[in-house]
Trainee: 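Got a structure for you, written out below as structure tokens; questions coming shortly.
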Amino acid sequence: MPLFRKKHETEVFDAGFGNWNFRCSCGTHGRPVRSRQEMETKARLHREAAARR
């Protein structure tokens with residue numbers, strides 16, 4: 001088990017063609033979706049799941 005936890009900072013960005021995606025400082029990214037709000041929710045859920053680990 002690591003001695004420190006990696007901070008998960010997410011960023012939602014325009015992936016082109018009307019799609020939105022997110023990337024995290026840990027290297028994780030989502031699949032492009034049409035709704036920015038849905039992608040922001042997925043990014044928030046990723047941060048919350050990482051906090052529980």
Trainee: With the threshold set at 4.0 Å, does a side-chain nitrogen-carboxylate oxygen contact exist between Glu48 and Arg44?
Mentor: yes
Trainee: For a 4.5 angstrom cut-off between non-hydrogen side-chain atoms, does Phe22 reach Glu11?
Mentor: no
Trainee: Say whether, by atom type as modelled, one donor and one acceptor occur between the side chain of Ser25 and the main chain of Glu9 under 3.5 angstrom.
Mentor: yes
Trainee: Looking at every non-hydrogen atom in both residues, tell me the closest pair between Arg36 and Trp20 and how far apart they are.
Mentor: NH1-CZ3, 3.0 Å
Trainee: Taking all non-hydrogen atoms of both residues into account, name the closest pair between Asn19 and Asp14 and its distance.
Mentor: O-OD1, 3.1 Å
Trainee: Is the side chain of Asn21 donor-acceptor paired with the backbone N or O of Gly30 at a distance under 3.5 Å, no angle test?
Mentor: yes
Trainee: Using the side chain to side chain contact (heavy atoms under 4.5 Å, CB included) rule, take Lys42 and Val33 through it: C-alpha gap first, then chi angles, then the decisive distance, then the call.
Mentor: CA-CA 10 Å; Lys42 289 183 178 188; Val33 295; 3.9 Å; yes
Trainee: Just how far is it from atom OG1 of Thr28 to atom CZ of Arg47, taken to the nearest 0.5 Å?
Mentor: 12.5 Å
Trainee: Evaluate the ring planes of His8 and His46, with Trp represented by its six-membered ring, and classify them as parallel (under 30°), tilted (30 to 60°) or perpendicular (over 60°).
Mentor: perpendicular
